[in-house]
Colleague: 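Attaching a single structure in structure tokens format; questions to follow.
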Protein chains: 2
Amino acid sequence: MNFPDLFDAFDAAVLPPGLPDAAVLRLRHDTVARELAAGEQLDLDPGRAFFAFLGVGACKLAAFVSSAREQIVSFHFAGDVVHVPAQGRYGYTLSALTDAQLLVIPADSLSRSGPDSCGMLRLASRETENALARSRETSIILGRRSAQERVASFILAIWDRLGAGSQDDGWIDLPMSRGEIADSLGLTIETVSRQFSELRDLGLIETEGRSALRVIDLPGLSRCAGQLPVAA
Amino acid sequence: MNFPDLFDAFDAAVLPPGLPDAAVLRLRHDTVARELAAGEQLDLDPGRAFFAFLGVGACKLAAFVSSAREQIVSFHFAGDVVHVPAQGRYGYTLSALTDAQLLVIPADSLSRSGPDSCGMLRLASRETENALARSRETSIILGRRSAQERVASFILAIWDRLGAGSQDDGWIDLPMSRGEIADSLGLTIETVSRQFSELRDLGLIETEGRSALRVIDLPGLSRCAGQLPVAA
DNA sequence: GCGCTGCCTTGATCTGGATCAATGCCCTGG
DNA sequence: CCAGGGCATTGATCCAGATCAAGGCAGCGC
């Protein structure tokens, strides 16, 4: 996929319809394509915020807490828009879990003044709001839930995201390691592994090798995740 | 404080300068003042997102996780703009810790279309981004840090927020209970209490009664807040 | 002032998940 | 096809923080 194709995908999937051509052209001008190999990290000016549109592959957004282990803020997949904040108390990095292709858009390019830029601003606002909602859910999971609930929630989230349009047989491939899962859930590798085993023994999921996963009993898994019906 | 005074304070502290009068007037029209007694919760349409400008008092934004304890997402003080999300997987409530006066602004009122509304959109975007940064820091604290680090971080944050323009003697009054602190840090009341005692025994803070607090050794407290068990 | 009610503190014990310590199993490169 | 390295699983032990259980202390109504 080259820049024009990536930008077209971005335009079709994310940009609101009816934007003035001039605004789209200026955005296109400010946007840069990047290709990352698995494990590689995106090198950006840490003093500025960015949005990244992930056309192909999977990524993680992580905060450097200290030289110890990192805290993974979120995982992202093809079609996602990722908000990469400027460095504040912590520095953030976006790195590829698999080979990935993405567009990098400076946040201030979306909010640049101009009578035609309202649509862009609305886009930025919406994406930031999405990121906020995800982040608050993460906080809730990290604050209040047991290891099993965390792992079950994680599997459900990945399943939602990757299992929906998946292959006939329902198997999905986890692009992240156990260590990365642990870093996103505030657990250790060993605990994550034990919980995978336990959910397997309970007959809720199947695993094969390091990364293949299948959900057998979705309602059962939801129950393990401690999810209440949204109505209250 | 009545509505005009509150709105003036909001205008002066938050609204970007140079907004067209028409936009400000429309915003003023969509905005409602509310007064809450300590402990009272703000009753809003759960299906819509809001911003709240807190003119006077202190509030907490909490998510209902289960019928058990809630997870407190953030604390807010006079002058803050709070982002109250629409109900998603979890429901959120804003409640007063002390008697409070606030303005309630529907989020979609800031993003309403119109050539004059860019400034409003930029405002919404900025406030959402602030909320996102805070939320991600919360995630990091909840994911990776010990009880002592959490409590020390909490005290530092409150101190930053309330201690700066404080009385001559440097004492501040915590508007929230130990239980609420615990709910925001993902700990229990007892653990929070023990950590307060320990930080006191270490000579880093002083306490008096239930809510009076003074920081004695700011660098020492920062050290307590930052260290990971196995840092290098 | 007196007792009541709710927080808060402190102590004792329990336990879920971290840590330490072996293996085991893919995956790659020769 | 084999060897080696890195991730994953599994088991044993430990410990930070939860839970259980008393008191203690401020604020309030009477």
Side-chain angles (χ1 to χ4, degrees), chain A residues 37-39 60 65 68-69 71 97-98 141-155 171 173-202 205-213 224 226, chain B residues 37-39 60 65-66 68-69 71 97-98 141-155 171 173-202 205-213 224 227-232:
Chain A
K60 63 177 179 182
V65 176
R69 256 266 274 303
Q71 172 68 34
L97 298 170
T98 64
I141 288 183
L142 295 179
R144 297 254 76 97
R145 291 165 113 79
S146 72
Q148 182 162 99
E149 289 168 336
R150 292 179 200 208
V151 172
S153 297
F154 167 81
I155 294 174
W171 285 90
D173 255 301
L174 297 179
M176 69 290 287
S177 71
R178 295 287 185 272
E180 286 166 328
I181 297 172
D183 279 340
S184 77
L185 298 178
L187 299 170
T188 58
I189 293 177
E190 294 94 324
T191 299
V192 170
S193 179
R194 271 184 257 270
Q195 292 307 329
F196 267 87
S197 301
E198 194 168 327
L199 293 173
R200 181 163 26 75
D201 295 346
L202 288 170
I205 61 172
E206 262 183 294
T207 60
E208 192 183 300
R210 282 177 190 179
S211 69
L213 174 73
C224 272
Chain B
K60 63 177 179 181
V65 176
S66 73
R69 241 264 294 283
Q71 172 69 34
L97 299 170
T98 65
I141 288 183
L142 294 179
R144 295 255 77 97
R145 289 165 119 78
S146 71
Q148 182 162 101
E149 290 167 338
R150 293 180 201 207
V151 172
S153 298
F154 167 81
I155 294 174
W171 285 90
D173 254 301
L174 298 178
M176 68 291 285
S177 71
R178 296 287 185 271
E180 286 164 329
I181 297 172
D183 280 340
S184 77
L185 298 177
L187 300 170
T188 59
I189 293 177
E190 294 94 325
T191 299
V192 170
S193 179
R194 271 184 257 269
Q195 292 307 330
F196 267 87
S197 301
E198 195 169 327
L199 293 173
R200 180 164 26 75
D201 295 347
L202 288 170
I205 61 172
E206 261 182 294
T207 59
E208 192 184 300
R210 285 177 187 178
S211 69
L213 175 72
C224 272
Q227 281 179 355
L228 294 169
V230 203

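Given the structure is predicted, the values throughout are model-derived calculations rather than measurements. Throughout, protein chains are lettered first and strands after them, A, B, ... in sequence-line order, and every chain is numbered starting at 1. All values below come from the heavy atoms of this structure, side chains included, with hydrogens, waters and symmetry mates left out.
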Colleague: What is the separation between atom CD on E180(A) and atom P on dG6(D), rounded to the nearest whole Å?
Modeller: 16 Å
Colleague: Starting at CG of D183(B) and ending at C1' of dA18(D), how long is that distance when rounded to a whole Å?
Modeller: 14 Å
Colleague: Search all heavy atoms of R150(A) against all heavy atoms of L185(A) and return the closest pair with its distance.
Modeller: NH1-O, 2.7 Å
Colleague: Using every non-hydrogen atom in the two residues, find where D173(A) and S211(A) come nearest and quote the distance to one decimal.
Modeller: OD1-OG, 2.6 Å
Colleague: Per the salt bridge (charged side-chain N to carboxylate O under 4.0 Å, His left out) rule, what does the pair list look like for residues 185-200 of chain B, sequence neighbours excluded?
Modeller: none
Colleague: Rounded to the nearest Å, what distance is computed from the CD atom of residue Q148(B) to the P atom of nucleotide dC15(D)?
Modeller: 17 Å
Colleague: A38(B) and L97(B): which non-hydrogen atoms are nearest, and at how many Å?
Modeller: CB-O, 3.6 Å
Colleague: Check nucleotides 7-10 of chain D against the protein and report each pair of N or O atoms closer than 3.5 Å, with its distance, or say if there are none.
Modeller:
{"unit_1": "dC7(D)", "atom_1": "O2", "unit_2": "R210(A)", "atom_2": "NH2", "d": "3.3"}
{"unit_1": "dA8(D)", "atom_1": "OP1", "unit_2": "R178(A)", "atom_2": "N", "d": "3.0"}
{"unit_1": "dA8(D)", "atom_1": "OP2", "unit_2": "R178(A)", "atom_2": "N", "d": "3.2"}
{"unit_1": "dT9(D)", "atom_1": "OP1", "unit_2": "R178(A)", "atom_2": "NH2", "d": "3.3"}
{"unit_1": "dT9(D)", "atom_1": "OP2", "unit_2": "R178(A)", "atom_2": "NE", "d": "2.7"}
{"unit_1": "dT9(D)", "atom_1": "OP2", "unit_2": "S193(A)", "atom_2": "OG", "d": "3.0"}
{"unit_1": "dT9(D)", "atom_1": "O5'", "unit_2": "S193(A)", "atom_2": "OG", "d": "3.1"}
{"unit_1": "dT10(D)", "atom_1": "OP2", "unit_2": "S197(A)", "atom_2": "OG", "d": "2.5"}

Colleague: Rounded off to whole Å, could you give me the CZ-to-P distance for the R144(B) and dG17(C) pair?
Modeller: 15 Å
Colleague: Between C1' on dT9(C) and CD on E208(B), what's the gap in Å once rounded to a whole number?
Modeller: 16 Å
Colleague: Looking at R145(A) and G226(A), would you say the former's side chain and the latter's main chain have a donor-acceptor pair under 3.5 Å?
Modeller: yes
Colleague: Less than 4.5 Å apart, any side-chain heavy atom of I181(A) and any of F196(A)?
Modeller: yes
Colleague: Starting at atom CD of Q195(B), determine the distance to atom P of dG17(D), rounded to an integer number of angstrom.
Modeller: 7 Å
Colleague: Whole-Å distance between dG17(C) C1' and E149(A) CD?
Modeller: 14 Å
